[in-house]
Amino acid sequence: MLEPGTSSPSDPFVDAFRDGLRGLGYNEGRDVLLEIRWAGGSNEPLVGLAGELVGLKVDVLVTVSTPAALAAKQATATIPIVFTAVGDPVGAGVVPSLSRPGGNATGFSMLATELSAKRLEILREIAPNTSPVAMLWNDTNPGMVLRAHESERAAAALGLHIQSYGVHDLVTFNPAFEAIASAGGAAVLTLVDPFTRLHRQRIIDFAAERHLPAIYESREFVDAGGLISYGIDLNAMHNGAPPFTWTRF
């Protein structure tokens, strides 16, 4: 399993995946062995970690996020890949088609780009004077580039103006927050990937301090104190991944 986040005693996605395995009667250590590699919240180590797992001759590679799926595809064209939490598998180049993915990769799409307009509609409903909307996103994640562009298109159709702020390491947060404050941002839209998820508390606290209405793509942000989220249940997605791991390509 290739995880972009930071190793923790109880990662919700890994725990959900293990629950899915147990639900199918597979007990870790007896019926299946999990080799998990963590990228520490950065995309850079993913290719090397994927190669390491391929070198172990694993039967299946389970990946979390678009960068992890792309790293796995770069590492092997033969070992089955089951991807999760990929916003737009076709647009990001993970698979050529949703109906016929072909190759050695299959999995779950978050339908993230299709939900962009709905998030902005909800944000406008709860706070009518939402423009401009400050969009925080990881600008080094190729999946987020697609989602950011779709959000900008959706905003234009709704008559909203989006101010885009890329964050990809701890150093970039403060300049982004200062720019949002000085530009008079009226609301916050956060695109969720492993990096923004890892640092969600920092984003939530900023929105609360500035009294900015904010919408997120993942319930984890709301559980941590955020205002509202709209998106798929990521834990349920990871819980449902195990059936695919026994598919033969």
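This one's a predicted model, so the numbers in the text were calculated from it and none came from an experiment.
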Stepwise side chain to side chain contact (heavy atoms under 4.5 Å, CB included) check, T76 with N104
CA-CA 9 Å; T76 178; N104 62 321; 4.1 Å; yes

Taking it one step at a time, do I228 and I126 satisfy side chain to side chain contact (heavy atoms under 4.5 Å, CB included)?
CA-CA 10 Å; I228 191 170; I126 62 175; 3.9 Å; yes

Apply side chain to side chain contact (heavy atoms under 4.5 Å, CB included) to L61 and V82, showing your working.
CA-CA 6 Å; L61 272 171; V82 179; over 6 Å; no

Side chain to side chain contact (heavy atoms under 4.5 Å, CB included) between T190 and W137, worked out
CA-CA 6 Å; T190 300; W137 62 292; over 6 Å; no

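Classification of R197 and D193 as a salt-bridged pair fails, no side-chain N sitting under 4.0 Å from a carboxylate O. In this structure, R153 pairs ionically with E150, as a charged nitrogen and a carboxylate oxygen lie closer than 4.0 Å. Salt bridge annotation for E28-R22: absent, with no cationic side-chain nitrogen under 4.0 angstrom from a carboxylate oxygen.
One N or O on the side chain of D88 and one on the backbone of G91 form a donor-acceptor pair closer than 3.5 Å. Side-chain N or O atoms of K73 include none that pairs as donor or acceptor with a backbone N or O of A105 at under 3.5 Å. Using a distance-only test at 3.5 Å, with no hydrogens or angles considered, a donor-acceptor pair links the side chain of R119 to the main chain of Y230. Within the 3.5 Å criterion, the main-chain N or O of H161 finds a donor-acceptor partner in the side chain of S131. The backbone N or O of L160 lies less than 3.5 Å from no partner atom in the side chain of R124, so there is not a single donor-acceptor pair. Counting only distance, with no hydrogens or angles, the side chain of R147 and the backbone of V192 share a donor-acceptor pair below 3.5 Å.
Closest of all the heavy-atom pairs between A187 and L212 is N-CD2, 4.3 Å. Among all heavy-atom pairs drawn from S151 and M135, the shortest one is CB-SD, 3.7 Å. Contact between I204 and G226 at its shortest, heavy atoms only, is CG2-N, 3.7 Å. Residue F195 comes nearest to D169 through the heavy atom pair CZ-N, 3.3 Å, listed as atom of the first residue, atom of the second, then distance. The minimum heavy-atom distance linking G166 with T172 is given by the pair O-CB, 4.3 Å. In plain terms, the two heavy atoms of L56 and R37 that are nearest each other are CD1-NH2, 3.4 Å.
Residues F206 and V222 do not share a hydrophobic cluster, defined by chaining ILVMFWY side chains whose heavy atoms lie under 4.5 Å apart. When hydrophobic clusters are built by joining Ile, Leu, Val, Met, Phe, Trp and Tyr residues whose side-chain heavy atoms come closer than 4.5 Å, directly or via intermediates, V64 is not grouped with L198. Under the 4.5 Å side-chain heavy-atom criterion for grouping Ile, Leu, Val, Met, Phe, Trp and Tyr, V32 is connected to V14 within one hydrophobic cluster. Placement of L115 and L158 within a single hydrophobic cluster is found when ILVMFWY residues are connected by side-chain heavy-atom separations under 4.5 Å, directly or transitively. There is no path of hydrophobic side-chain contacts, each under 4.5 Å, that joins L2 to V47.
By the ring pair (Phe, Tyr, Trp, His ring centres under 6.0 Å) test, Y165 is found to be paired with no residue, residues two or more places apart in sequence or in another chain being considered.
Side-chain atoms of E178 and N174 include no donor-acceptor pair closer than 3.5 Å. Side-chain contact annotation: E44 with S42, donor-acceptor N/O pair under 3.5 Å absent. With 3.5 Å as the limit, one finds a donor-acceptor pair spanning the side chains of H168 and D139.
For R210, the CZ atom is loosely surrounded, since the number of other residues' heavy atoms within 6.0 Å does not exceed 12.
Ring-plane geometry between F173 and H199 is classed as perpendicular, the angle between the planes exceeding 60 degrees on a 0 to 90 degree scale with a lower cut at 30.
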